[in-house]
Amino acid sequence: MSDQLTIAGRSFSSRLIVGTGKYRSFQEMARAHEASGAEIVTVAVRRVNLTDRTKESMLDYIDRKNFFILPNTAGCYTADEAIRTARLGREVGLSEWVKLEVIGDQQTLFPDTEQLIAATKALVKEGFVVLPYTNDDLIAARKLIDAGASAVMPLGAPIGSGMGIQNLANLRILRERITEVPLIVDAGVGTASDATIAMELGADGVLMNTAIAGAQDAVLMAEAMGAAVEAGRKAFLAGRIEKKLYATASSPLQGVVR
């Protein structure tokens with residue numbers, strides 16, 4: 001319980017954040033969420049039924065006693081769009097927190113950092129807790145923190161690509177230089193080892209959706225991801241051995257019978 005993920009003064013026991021898109025059914029989504037052990041679930045405000053409560057909604061399958069809902073601004077391409085979407089999420093009672101996405105390119109879904117920084121500044125002034133999805137770029141991360149972001153969420157690889165962590169050096173630099181707020185790897189994870197690598201590099205958490213929802217057995221993959229994040233965190237805290245070019249005997253030579 002002492003090693004918790006703390007964002008804007010709120011603590012969570014799990015360092016895995018999961019999404020709600022691309023599942024085969026809402027029932028499968030609910031089972032995967034439970035199996036993951038996650039406590040934060042991100043929901044795309046623009047892709048959920050928020051007005052007609054007579055129709056089935058993914059929100060009906062998220063137990064808000066067990067899961068903290070993190071609205072996101074997926075599908076927004078300008079700061080103004082993202083700001084309006086965040087406001088909508090708050091107005092309908094989802095949360096005053098927001099995973100802020102402002103996309104700059106439709107094919108790669110890379111963030112538009114200029115628009116992202118502008119939206120962060122505006123939303124922080126309105127009292128939002130802002131968690132921006134950004135590039136693995138130290139300068140952009142610093143500007144987002146200066147704008148008031150409560151975490152920075154650099155991509156590991158393009159959204160939904162499943163390629164895993166593509167730039168280890170950038171994430172190592174971010175980990176060394178970003179200490180004021182949590183560093184959460186967001187996007188690109190494909191399997192459990194990718195999540196473990198992110199955590200071994202020192203990330204404070206990992207956010208994923210497609211890697212779980214798109215797996216052949218989403219529930220089993222969710223369980224694997226929960227274990228992978230926990231294992232990677234423990235390995236980071238334990239401190240790995242130094243890498244060496246040559247072998248070192250596992251058993252000491254002193255006292256060997258000759």
Side-chain angles (χ1 to χ4, degrees), residues 1-19 32-33 35-42 68 70 99 129 131-142 144-145 149-159 161-212 215 220-245 247-248 250:
M1 294 296 292
S2 61
D3 181 44
Q4 295 187 314
L5 171 62
T6 301
I7 305 171
R10 181 163 184 157
S11 295
F12 304 90
S13 297
S14 174
R15 292 175 178 272
L16 173 62
I17 303 172
V18 294
H33 287 172
S36 73
E39 295 172 86
I40 306 175
V41 174
T42 183
F68 178 78
L70 175 62
K99 178 198 168 190
V129 173
L131 286 66
Y133 158 70
T134 184
N135 291 313
D136 55 351
D137 178 339
L138 175 63
I139 309 308
R142 292 244 59 95
L144 288 166
I145 293 169
S150 294
V152 288
M153 307 178 75
L155 55 82
I159 292 174
S161 68
M163 291 195 296
I165 310 303
Q166 291 298 293
N167 197 328
L168 301 180
N170 275 13
L171 286 182
R172 288 177 60 192
I173 291 169
L174 284 167
R175 176 65 292 166
E176 289 186 10
R177 299 288 298 278
I178 301 298
T179 58
E180 308 94 317
V181 299
L183 179 71
I184 300 170
V185 172
D186 178 7
V189 169
T191 190
S193 57
D194 300 329
T196 301
I197 289 170
M199 296 303 295
E200 287 177 347
L201 287 170
D204 294 298
V206 179
L207 190 155
M208 66 183 73
N209 181 73
T210 306
I212 295 175
L220 186 58
M221 183 61 83
E223 184 178 350
M225 290 298 190
V229 167
E230 184 176 350
R233 177 63 178 176
K234 288 180 178 178
F236 172 73
L237 293 176
R240 66 158 293 132
I241 63 171
E242 181 185 355
K243 293 183 179 180
K244 298 178 181 178
L245 181 60
T248 302
S250 297

Would you give the length of the straight line joining atom CD1 of Ile212 to atom CG of Leu220, rounded to the nearest 0.5 angstrom? 11.0 Å

When every non-hydrogen atom of Leu144 is compared with those of Pro132, the smallest separation belongs to CD1-CG, 3.9 Å

For the CD atom on Glu200, are there more than 12 heavy atoms of other groups (residues, nucleotides or ligands in this structure) within a distance under 6.0 Å? yes

Closest heavy-atom pair and its distance - Asn135, Pro154: O-CB, 3.8 Å

Minimum side-chain heavy-atom gap Leu131-Met153 below 4.5 Å: yes

Approximate separation, where rounding is to 0.5 Å, of Leu174 CG and Thr179 OG1: 12.0 Å

So OH of Tyr133 and OG1 of Thr42: to nearest 0.5 Å the spacing works out to 12.5 Å

Per the side chain to side chain contact (heavy atoms under 4.5 Å, CB included) rule, which among Leu207, Ile165, Ile197 passes with Val185? Ile165

Side chain Arg15, main chain Gln4, donor-acceptor under 3.5 Å: yes

My understanding is that only residues two or more places apart in sequence, or in another chain, count here; which of them pass salt bridge (charged side-chain N to carboxylate O under 4.0 Å, His left out) with Arg172? none

Show the nearest heavy-atom pair for residues Ser161 and Gly188, with the distance to one decimal. OG-CA, 4.0 Å

Is there a side chain to side chain contact (heavy atoms under 4.5 Å, CB included) between Arg142 and Ile145 once you walk through the steps? CA-CA 5 Å; Arg142 292 244 59 95; Ile145 293 169; 4.2 Å; yes

If you measure from CG on Leu138 to CZ on Arg175, what distance do you get to the nearest 0.5 Å? 12.0 Å

Stepwise, does the side chain to side chain contact (heavy atoms under 4.5 Å, CB included) test hold for Phe12 with Ile17? CA-CA 10 Å; Phe12 304 90; Ile17 303 172; over 6 Å; no

Which atom names give the shortest non-hydrogen contact between Met221 and Ala211, and what distance separates them? CG-O, 3.4 Å

Those residues at least two apart in sequence (or on a different chain) that pass side-chain contact (heavy atoms from CB on, under 4.5 Å) with Ser36 are Leu16, Val18, Ala38, Ala222

Taking Gly19's backbone N and O only, do any of them form a donor-acceptor pair with His33's side chain (distance below 3.5 Å, no angle check)? yes

With sequence neighbours left out, what residues match Arg177 under side chain to side chain donor-acceptor pair (under 3.5 Å)? none

Neighbour count above 12 (heavy atom, 6.0 Å) for Ile241 CD1: no

Quick check: does any side chain N or O of Asn170 sit under 3.5 Å from a backbone N or O of Asp136, one acting as donor and the other as acceptor? yes

How long is the span from the CG atom in Asn167 to the CD1 atom in Ile173, to the nearest 0.5 Å? 8.0 Å

Do the side chain of Asp204 and the main chain of Ile184 share a donor and acceptor less than 3.5 angstrom apart? no

Using every non-hydrogen atom in the two residues, find where Ser11 and Thr6 come nearest and quote the distance to one decimal. OG-OG1, 2.8 Å

Closer than 3.5 angstrom, by distance alone: can the side chain of Ser150 be matched with the main-chain N or O of Ile7 as a donor-acceptor pair? no

Could you go through the side chain to side chain contact (heavy atoms under 4.5 Å, CB included) check for Leu237 and Arg233 one step at a time? CA-CA 6 Å; Leu237 293 176; Arg233 177 63 178 176; 3.8 Å; yes

At their closest point, which heavy atom of Ala141 faces which heavy atom of Val152, and how far apart are they? O-CG1, 3.9 Å

Given Asp186 and Lys99, is the side chain to side chain contact (heavy atoms under 4.5 Å, CB included) satisfied, shown in steps? CA-CA 10 Å; Asp186 178 7; Lys99 178 198 168 190; 2.8 Å; yes

Gap separating the CE atom of Met199 from the CD atom of Glu230, nearest 0.5 angstrom: 10.0 Å

Measure from the side-chain N and O atoms of Glu39 to the backbone N and O of Ser14, and report whether any donor-acceptor pair falls under 3.5 Å. yes

